[in-house]
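One structure below.
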2 protein chains.
Amino acid sequence: MAIRSNISIKILAKKLGLSVGSVSKALNNSPEISIATREKVKELAKQYNYTPNHFASNLRNNTSKTIAVVIPQISDSFFSLAINGIEKAAQERGYHIIISITNELFTKESIIINELHNGMVDGILISISRETNHSTHLKEINEIGIPIVFFDRDLEDMDTAKVVTNDFESGYNAVKHLANEQCNNICFLSVSESLSISKKRIEGFKKGVNEFVKNGIHNNIVKCSTDATENHLIIKNLLQDEINRPDGIVVSGEHLTISIYNVCKELGIKIPEQLKIICFSNLAYASCLAPSLSTITQPAFEIGYKATHLLCDSLDGIAVDLKEKIICPSVLEIRESSISKRHI
Amino acid sequence: MAIRSNISIKILAKKLGLSVGSVSKALNNSPEISIATREKVKELAKQYNYTPNHFASNLRNNTSKTIAVVIPQISDSFFSLAINGIEKAAQERGYHIIISITNELFTKESIIINELHNGMVDGILISISRETNHSTHLKEINEIGIPIVFFDRDLEDMDTAKVVTNDFESGYNAVKHLANEQCNNICFLSVSESLSISKKRIEGFKKGVNEFVKNGIHNNIVKCSTDATENHLIIKNLLQDEINRPDGIVVSGEHLTISIYNVCKELGIKIPEQLKIICFSNLAYASCLAPSLSTITQPAFEIGYKATHLLCDSLDGIAVDLKEKIICPSVLEIRESSISKRHI
DNA sequence: TTGTACGCGTTATCAA
DNA sequence: TTGATAACGCGTACAA
């Protein structure tokens with residue numbers, strides 16, 4: 001391995017009887033070189049399938065035309081859709097992307113960010129892990145000139161560009177909807193309480209509870225984990241108590257849905273008759289679930305797409321207000337899991 | 001931007017009153033350097049958060065410690081799970097991964113592969129697009145010394161390492177199962193007929209039909225596309241004809257499930273009473289669908305994990321039989337969508 | 001034990 | 001219009 005007998009400018013130059021410098025200029029369309037030789041050079045380059053050595057030009061230019069995408073997980077419909085948007089925008093702007101997964105761990109996120117100090121990427125697109133609650137690792141790398149754009153999950157104490165959704169309103173609207181459907185013991189299930197998006201959802205949720213569920217229980221935030229069997233237990237505990245059992249749940253964390261549906265099946269709880277559910281999710285299968293799942297659907301593709309263009313703008317020297325916060329609103333998609341079956 | 005005032009060996013050397021060469025050796029644990037100075041150097045390096053410039057060392061060593069992962073799509077549970085496996089293995093072996101998405105397009109796959117000629121990656125992990133039916137682009141890059149490992153979707157005329165599942169048996173077993181459940185007009189829905197995995201699934205399917213569905217219709221392979229609305233029409237067409245309508249479908253292509261479920265809802269066809277379904281899929285939500293979806297579950301994580309270790313073995317100079325074909329068997333998970341409700 | 005010097009493939013500056 | 005040369009940061013053979 002590592003023979004990599006790839007064609008280089010030097011070889012092309014020798015074959016053409018030109019100097020390396022001239023060949024380089026010709027390939028880069030420098031007006032210094034005559035059109036005739038430019039053509040000749042390009043032809044030979046194409047013939048030999050020449051591509052400039054990535055490392056050499058990056059070393060020289062101190063730029064990699066690559067952006068890092070740091071996400072907490074990939075088996076989540078939000079992130080896979082967001083990546084599609086990121087990929088599209090990156091391609092439009094001539095950037096490569098490298099994707100790193102933190103698995104929701106702060107330590108891993110830290111390690112990944114620190115590795116990027118070596119100039120491998122020009123900029124960073126990040127959605128922080130659920131454990132991350134401070135920004136020193138990000139500030140450090142930001143200070144050496146690598147711009148950062150947050151998408152979806154941001155960090156409030158950093159004032160770089162952010163592309164997010166309207167989590168506060170969405171939490172509020174979710175409760176409003178459930179209250180409209182006669183729920184009066186609504187509970188919020190979350191995989192994190194420290195994440196800014198969770199906080200906002202919870203704030204919106206609390207405001208909604210105060211307004212719409214006057215006689216309801218107010219302090220009912222249930223924290224889950226990333227482990228499915230653990231969540232199964234937590235949820236079972238929550239739903240087993242027939243007297244205090246919630247009649248409505250707002251779910252923040254797509255994967256929790258499976259556990260809830262399974263527990264309900266296990267305990268014989270009927271959705272939506274006994275329990276109404278609405279979930280923050282981009283699941284394509286929401287309409288096929290039994291019952292079909294009401295969702296607060298985030299504009300995942302759009303968020304990824306916009307965040308990437310913002311970052312590329314900054315990298316390409318296009319004036320960007322890096323304190324800008326773009327908000328792409330989510331959409332409430334009501335399905336069976338959250339509505340009273342009045343007509344039965 | 002591009003100030004990148006990053007700490008370099010040169011700066012460390014100046015601060016330490018040493019030469020660049022010595023610092024480099026110290027950092028690489030060269031026995032030429034005394035342990036005392038080695039420690040001193042490393043300490044300062046850590047203090048300044050030094051990381052070697054990726055491009056410089058890669059240029060020097062002609063190796064990038066990076067592997068390309070080329071996949072057709074990311075919003076597919078198989079691929080997102082496979083990436084988790086790839087990521088884990090890559091990290092264990094000290095490799096970075098860069099992910100590229102072909103969107104099932106051969107031209108895009110070609111472009112991506114050609115871009116990799118510039119030494120950006122040491123090896124390639126690929127699952128080909130559904131359009132890809134020849135291997136010149138891959139052979140070219142393989143010839144300049146970049147090893148390729150296929151995972152899941154391979155190309156039969158290349159004899160490099162492959163990690164796949166038992167598609168033939170799975171197709172066969174799917175039919176066998178449906179026939180057992182009294183289906184006698186079984187149809188195969190596929191997003192591709194040229195993909196080797198599709199071919200194998202179809203071969204297994206046909207063999208199964210011949211064996212188990214003696215009086216059934218034999219030539220019923222339906223080709224779908226990547227476009228959801230188009231698929232909706234194709235499937236509607238297939239299911240509208242009440243006389244010749246299949247009573248069992250083997251689905252190859254996870255996303256087709258949604259269309260099938262929607263069409264059935266639209267046409268009032270009852271699953272599984274009137275139509276039984278089994279799908280090649282890794283969908284976590286299979287058990288929550290209405291009705292729950294029977295699947296042929298591929299060992300996605302395992303496939304990604306093993307393929308990566310194989311590639312890293314080859315890159316790290318560990319003897320590898322690059323003609324090896326590792327087969328990780330799929331598992332039939334029977335749920336409601338494919339079984340007769342005998343007890344009703 | 002440490003320092004010097006060259007080369008990896010590019011690109012940019014300056015000279016011809 | 002083209003050529004020569006230096007520089008990017010690192011690793012290593014060789015000299016000291």
Side-chain angles (χ1 to χ4, degrees), chain A residues 2-42 44-45 48-66 116-120 122 144-145, chain B residues 1-42 44-45 48-65 115 117-120 122 144-145:
Chain A
I3 311 173
R4 217 64 63 73
S5 72
N6 226 343
I7 203 80
S8 74
I9 277 191
K10 203 193 276 181
I11 299 175
L12 289 181
K14 198 172 284 174
K15 294 210 190 271
L16 286 161
L18 284 168
S19 75
V20 262
S22 301
V23 174
S24 171
K25 285 175 202 161
L27 290 170
N28 291 314
N29 286 318
S30 163
E32 288 182 29
I33 304 294
S34 74
I35 297 181
T37 45
R38 251 192 272 175
E39 294 297 314
K40 225 172 18 182
V41 171
K42 283 187 184 174
L44 196 77
Y48 279 89
N49 218 329
Y50 165 81
T51 43
N53 182 294
H54 193 237
F55 301 128
S57 55
N58 292 166
L59 177 58
R60 184 60 238 240
N61 298 332
N62 199 22
T63 171
S64 63
K65 282 286 183 182
T66 303
L116 297 177
H117 275 262
N118 58 13
M120 188 149 45
D122 297 340
I144 67 167
Chain B
M1 73 249 63
I3 313 172
R4 215 64 64 71
S5 71
N6 225 344
I7 203 83
S8 74
I9 276 190
K10 203 194 278 182
I11 300 175
L12 290 182
K14 197 172 285 174
K15 293 207 190 273
L16 287 160
L18 283 168
S19 74
V20 263
S22 301
V23 175
S24 171
K25 285 176 202 162
L27 290 170
N28 291 314
N29 285 319
S30 162
E32 287 182 29
I33 304 295
S34 74
I35 297 180
T37 45
R38 251 192 272 175
E39 295 296 317
K40 224 173 16 183
V41 171
K42 284 187 183 173
L44 197 75
Y48 278 88
N49 218 328
Y50 166 82
T51 44
N53 182 294
H54 193 238
F55 300 127
S57 55
N58 292 166
L59 179 58
R60 187 64 239 255
N61 299 331
N62 200 22
T63 173
S64 64
K65 282 286 184 183
E115 278 181 346
H117 275 261
N118 58 13
M120 188 150 44
D122 297 341
I144 68 167

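Chain identifiers are assigned alphabetically (A, B, ...) following the order of the sequence lines, protein sequences preceding nucleic acid strands; residue numbering begins at 1 within each chain.
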**Complete:** Comparing nearest nucleotides in DNA chain D, the 5'-proximal residue of the pair Glu32(A), Ala56(B) is Glu32(A)
Name the nucleic acid region contacted by [X], choosing base, sugar-phosphate or nothing; use a 4.0 angstrom heavy-atom cut-off, strictly under.
{"X": "Ser22(A)", "result": "base"}
{"X": "Ile9(B)", "result": "sugar-phosphate"}
{"X": "Ser24(B)", "result": "base"}

Closest to the [X] side chain, choosing from [options]:
{"X": "Asn53(B)", "options": "dC10(D), dT10(C), dA4(D)", "value": "dC10(D)"}
{"X": "Pro52(B)", "options": "dC10(D), dT1(D), dT11(C)", "value": "dC10(D)"}
{"X": "Ile33(B)", "options": "dG3(D), dT2(D), dT2(C)", "value": "dT2(C)"}
{"X": "Leu18(A)", "options": "dG3(D), dG9(C), dC10(D)", "value": "dG3(D)"}
{"X": "Asn28(B)", "options": "dG9(C), dG11(D), dT2(C)", "value": "dG11(D)"}
{"X": "Thr37(B)", "options": "dT2(C), dG9(D), dT10(C)", "value": "dT2(C)"}

Gap between atoms [atom1] and [atom2], on [X] and [N] respectively (whole Å):
{"X": "Lys65(B)", "N": "dC10(D)", "atom1": "NZ", "atom2": "C1'", "value": "17 Å"}
{"X": "Arg38(A)", "N": "dT1(D)", "atom1": "CZ", "atom2": "P", "value": "9 Å"}
{"X": "Phe55(A)", "N": "dC8(C)", "atom1": "CZ", "atom2": "C1'", "value": "12 Å"}
{"X": "His54(B)", "N": "dC10(D)", "atom1": "NE2", "atom2": "P", "value": "13 Å"}
{"X": "Leu59(B)", "N": "dT11(C)", "atom1": "CG", "atom2": "P", "value": "12 Å"}
{"X": "Asn62(A)", "N": "dC10(D)", "atom1": "CG", "atom2": "P", "value": "11 Å"}
{"X": "Asn29(A)", "N": "dT11(C)", "atom1": "CG", "atom2": "C1'", "value": "14 Å"}
{"X": "Lys14(B)", "N": "dT4(C)", "atom1": "NZ", "atom2": "P", "value": "14 Å"}

Under 3.5 Å: donor-acceptor pair, side chain of [X], backbone of [Y]:
{"X": "Asn61(A)", "Y": "Asn58(A)", "answer": "no"}
{"X": "Arg38(B)", "Y": "Ile33(B)", "answer": "yes"}
{"X": "Asn28(A)", "Y": "Ser30(A)", "answer": "no"}

**Item:** Presence of donor-acceptor pair under 3.5 Å, side chain of Lys25(B) and base of dG3(C)
**Value:** yes
**Request:** Examine dG3(C): is either OP1 or OP2 under 4.0 Å from a nitrogen or oxygen in the side chain of Ser19(B)? Give yes or no.
**Result:** yes
**Prompt:** OP1, OP2 of dT2(C) versus side-chain N and O of Ser34(B): anything below 4.0 Å?
**Reply:** yes
**Asked** Does a side chain donor of either Asp122(A) or Thr63(A) reach within less than 3.5 Å of an acceptor in the other side chain?
**Response** yes
**OG1-CE distance between Thr66(A) and Met120(A), expressed to the nearest 0.5 angstrom** = 9.0 Å
**Asked** Is Lys40(B) atom NZ crowded by more than 12 heavy atoms from other residues, nucleotides or ligands, each under 6.0 Å away?
**Response** no
**Complete:** The residue, Tyr50(A) or Pro31(B), whose nearest nucleotide of DNA chain C is more 5′ is Pro31(B)
